[in-house]
2 protein chains.
Amino acid sequence: MSLRHALLGLLSAGPASGYDLLKTFEISLANVWPATQSQLYSELTRLDREGLIEVAAEGPRGRKEYRITGEGLAELRHWLVEEPPTQSRRSDMLLRVFFLDTVTPDQAHGYLERLAVQARKEHAALRGVREQIIGQGEDALRLYGDLALEWGLRLTAAQRDWAEWAAARIAALPHQSTVPTETLTETLTAPAEAIEPAAAE
Amino acid sequence: MSLRHALLGLLSAGPASGYDLLKTFEISLANVWPATQSQLYSELTRLDREGLIEVAAEGPRGRKEYRITGEGLAELRHWLVEEPPTQSRRSDMLLRVFFLDTVTPDQAHGYLERLAVQARKEHAALRGVREQIIGQGEDALRLYGDLALEWGLRLTAAQRDWAEWAAARIAALPHQSTVPTETLTETLTAPAEAIEPAAAE
DNA sequence: AGCGTCATGTAAACTGTTACATGATTAG
DNA sequence: CTAATCATGTAACAGTTTACATGACGCT
């Protein structure tokens with residue numbers, strides 16, 4: 001359960017309300033640990049009940065500003081340095097690759113091309129983010145944000161390169177000529193045809 | 001819900017029982033889409049009820065061998081080529097990076113070093129897998145498995161390189177001397193200290 | 001006065017994990 | 001005969017998503 005640690009982490013930078021935290025999730029944490037409003041509010045209630053955070057102040061429309069407690073900070077640090085990182089490696093994208101032999105090579109090629117395009121877009125978006133924050137306040141909080149951003153850039157670049165490489169490999173297959181896509185629909189219900197192996201890179 | 005598509009994909013290669021599929025999940029699909037026995041059996045029952053798979057034969061100890069139906073194959077192909085890939089990018093590992101400023105630079109450095117070690121191990125393991133399957137039957141099913149393996153190799157390499165780069169950046173910080181780790185425990189309850197930015201790469 | 005945003009909460013459905021439970025068959 | 005493996009299922013719980021519901025405040 002890392003949602004609680006995400007919340008503790010955000011609150012370690014200063015007090016905030018559920019609404020504030022929700023915005024932060026939508027903007028900066030969306031790509032790392034998405035969370036919904038519903039989930040967020042109930043987790044905050046639980047954290048408060050368990051003493052890891054507390055209500056610092058109450059505002060206008062029932063607004064409750066939470067603050068992290070000493071116990072909460074200790075838990076956050078424990079999670080950071082003690083608990084082994086469990087990368088949940090569930091990948092929709094890669095799962096499909098395993099079964100690409102059930103569709104035509106053209107369709108498989110199309111899938112990989114789309115992955116490459118998507119990776120290029122994401123990479124460009126991250127570059128945009130980097131341009132925006134360049135020259136801004138260079139404090140401790142930014143250093144680690146930069147590391148995360150760099151990871152995003154490297155990951156999307158790797159994904160792009162791999163998808164292009166993989167698409168090219170499929171395009172290099174024999175019997176992969178200029179078949180118009182219209183005629184492929186009727187082959188959909190036929191069993192996947194055997195594919196000759198491509199030469200190693 | 002991609003578990004059902006994983007099952008359909010495996011069954012597209014030939015009939016199998018829940019037990020067989022479970023083994024396949026543990027061996028070859030564990031790193032892509034982990035699933036538990038419990039989850040698997042109930043999903044098979046559901047797929048059967050919905051007509052996407054059917055019982056082909058019954059074996060010795062209540063064994064039920066499932067076979068994919070035409071409807072199931074259609075659903076698999078639809079998922080592969082029509083539905084946009086939703087990469088669930090929830091990353092425990094990256095989430096921690098954002099909050100690394102709440103612990104000492106030494107501890108942050110240690111975290112990144114451990115990530116690098118882990119990535120190196122995983123990369124080596126995948127290399128081992130590649131050695132094992134080299135020279136084996138080179139059929140259509142293998143081609144796409146190779147693409148997936150290559151992605152694993154590239155991903156773990158990228159993770160290793162990034163973690164090393166990030167660790168080096170933290171090690172290059174000022175005031176980052178040879179502090180014995182024993183003395184760090186008392187700084188755990190103190191507020192995280194401000195960190196000077198490192199020069200760009 | 002009314003619209004947009006701020007602000008929080010609950011309920012239901014679904015997905016995933018852990019643990020419990022049971023029994024048949026085969027190999028040694 | 002007995003231990004390992006084959007083989008399936010259920011129950012309880014934890015985490016996530018979607019939808020519903022409500023109301024206060026601030027600006028024009």
Side-chain angles (χ1 to χ4, degrees), chain A residues 1-8 10-11 15-27 29-50 53-66 79 83-84 86-92 95, chain B residues 1-8 10-11 15-27 29-50 53-67 79 83 86-92 95:
Chain A
M1 192 211 337
S2 287
L3 170 63
R4 70 167 32 201
H5 298 114
L7 288 171
L8 289 173
L10 291 180
L11 286 173
S17 70
Y19 195 82
D20 295 338
L21 293 166
L22 183 61
K23 296 299 158 198
T24 313
F25 263 92
E26 283 167 357
I27 297 163
L29 238 49
N31 297 309
V32 176
W33 202 273
T36 59
Q37 174 257 25
S38 165
Q39 213 182 339
L40 204 146
Y41 279 110
S42 42
E43 188 61 36
L44 282 173
T45 310
R46 211 173 306 137
L47 283 166
D48 186 14
R49 209 174 42 230
E50 295 174 25
I53 63 176
E54 64 193 5
V55 176
E58 306 222 3
R61 334 156 203 221
R63 174 191 170 93
K64 284 187 278 185
E65 203 167 57
Y66 290 103
W79 172 71
E83 280 185 51
T86 64
Q87 85 270 35
S88 109
R89 50 203 165 232
R90 216 163 239 134
S91 169
D92 191 38
L95 181 62
Chain B
M1 192 211 336
S2 289
L3 170 63
R4 72 167 31 202
H5 298 114
L7 288 171
L8 289 173
L10 291 180
L11 286 173
S17 71
Y19 194 82
D20 295 338
L21 293 167
L22 183 60
K23 297 297 159 199
T24 313
F25 263 92
E26 283 167 357
I27 297 165
L29 239 49
N31 296 310
V32 176
W33 202 273
T36 59
Q37 174 255 28
S38 165
Q39 213 183 339
L40 204 146
Y41 280 109
S42 42
E43 188 62 33
L44 281 173
T45 309
R46 211 172 305 139
L47 283 166
D48 186 14
R49 209 173 44 228
E50 294 175 26
I53 63 176
E54 63 194 4
V55 176
E58 307 222 3
R61 339 158 201 222
R63 175 191 169 93
K64 284 187 279 186
E65 203 168 58
Y66 289 104
R67 176 174 47 202
W79 171 72
E83 280 184 51
T86 64
Q87 86 270 34
S88 113
R89 51 206 163 229
R90 215 164 241 133
S91 169
D92 192 37
L95 181 61

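Throughout, a chain's letter reflects where its sequence line sits, starting with A, and its residues are numbered from 1.
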**Request:** For the pair B:Asp48 (side chain) and B:Thr45 (backbone), establish whether a donor and an acceptor sit closer than 3.5 Å, ignoring hydrogens and angles.
**Result:** no

**Request:** Give a yes or no on whether the backbone of B:Leu11 and the side-chain of B:Arg67 come within a donor-acceptor separation of less than 3.5 Å.
**Result:** no

Please list each protein N or O that sits under 3.5 Å from an N or O in nucleotides 19-22 of chain C, with the distance.
none

To the nearest angstrom, how far is [X] atom [atom1] from [N] atom [atom2]?
X       : N      : atom1 : atom2 : value
B:Glu43 : C:dT17 : CD    : C1'   : 15 Å
B:Leu44 : D:dA7  : CG    : C1'   : 12 Å
B:Leu7  : C:dG16 : CG    : C1'   : 14 Å
B:Asp92 : D:dT16 : CG    : P     : 11 Å
B:Arg46 : D:dG9  : CZ    : P     : 13 Å
A:Leu21 : C:dA7  : CG    : C1'   : 13 Å
B:Lys23 : D:dA4  : NZ    : P     : 15 Å
B:Arg63 : C:dT25 : CZ    : C1'   : 13 Å

Any [X] side-chain nitrogen or oxygen under 4.0 Å from OP1 or OP2 of [N]:
X       : N      : result
A:Tyr41 : C:dG9  : no
A:Lys64 : C:dG9  : yes
B:Gln39 : C:dT17 : yes

**Item:** 5' priority, DNA chain D, between B:Ser42 and A:Leu3 [closest heavy atom]
**Value:**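 Comparing both residues, the 5'-ward one is B:Ser42.
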
**Message:** Within the 4.0 Å heavy-atom criterion, would you say B:Arg90 contacts the bases, only the backbone, or no part of the nucleic acid?
**Reply:** sugar-phosphate

**Request:** Using the closest heavy atom to pick a nucleotide of DNA chain C for each, name whichever of A:Leu22 or A:Arg61 lands nearer the 5' end.
**Result:** A:Arg61

Residue pair [X] / [Y]: nearest heavy atoms and the distance that separates them:
X       : Y       : answer
A:Leu29 : A:Ala6  : CD2-CB, 4.3 Å
A:Asp92 : B:Ser2  : OD1-OG, 3.0 Å
B:Tyr19 : B:Tyr41 : N-OH, 3.4 Å
A:Pro34 : B:Arg90 : O-NH2, 2.6 Å

**Prompt:** Of the nucleotides C:dG16, D:dG9, C:dT17, which one has an atom closest to the side chain of B:Trp33?
**Reply:**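 The listed nucleotide nearest to B:Trp33's side chain is C:dG16.
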
**Prompt:** Between A:Leu40 and A:Leu3, is any pair of side-chain heavy atoms under 4.5 Å apart?
**Reply:**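 No, their side chains stay 4.5 Å or more apart.
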
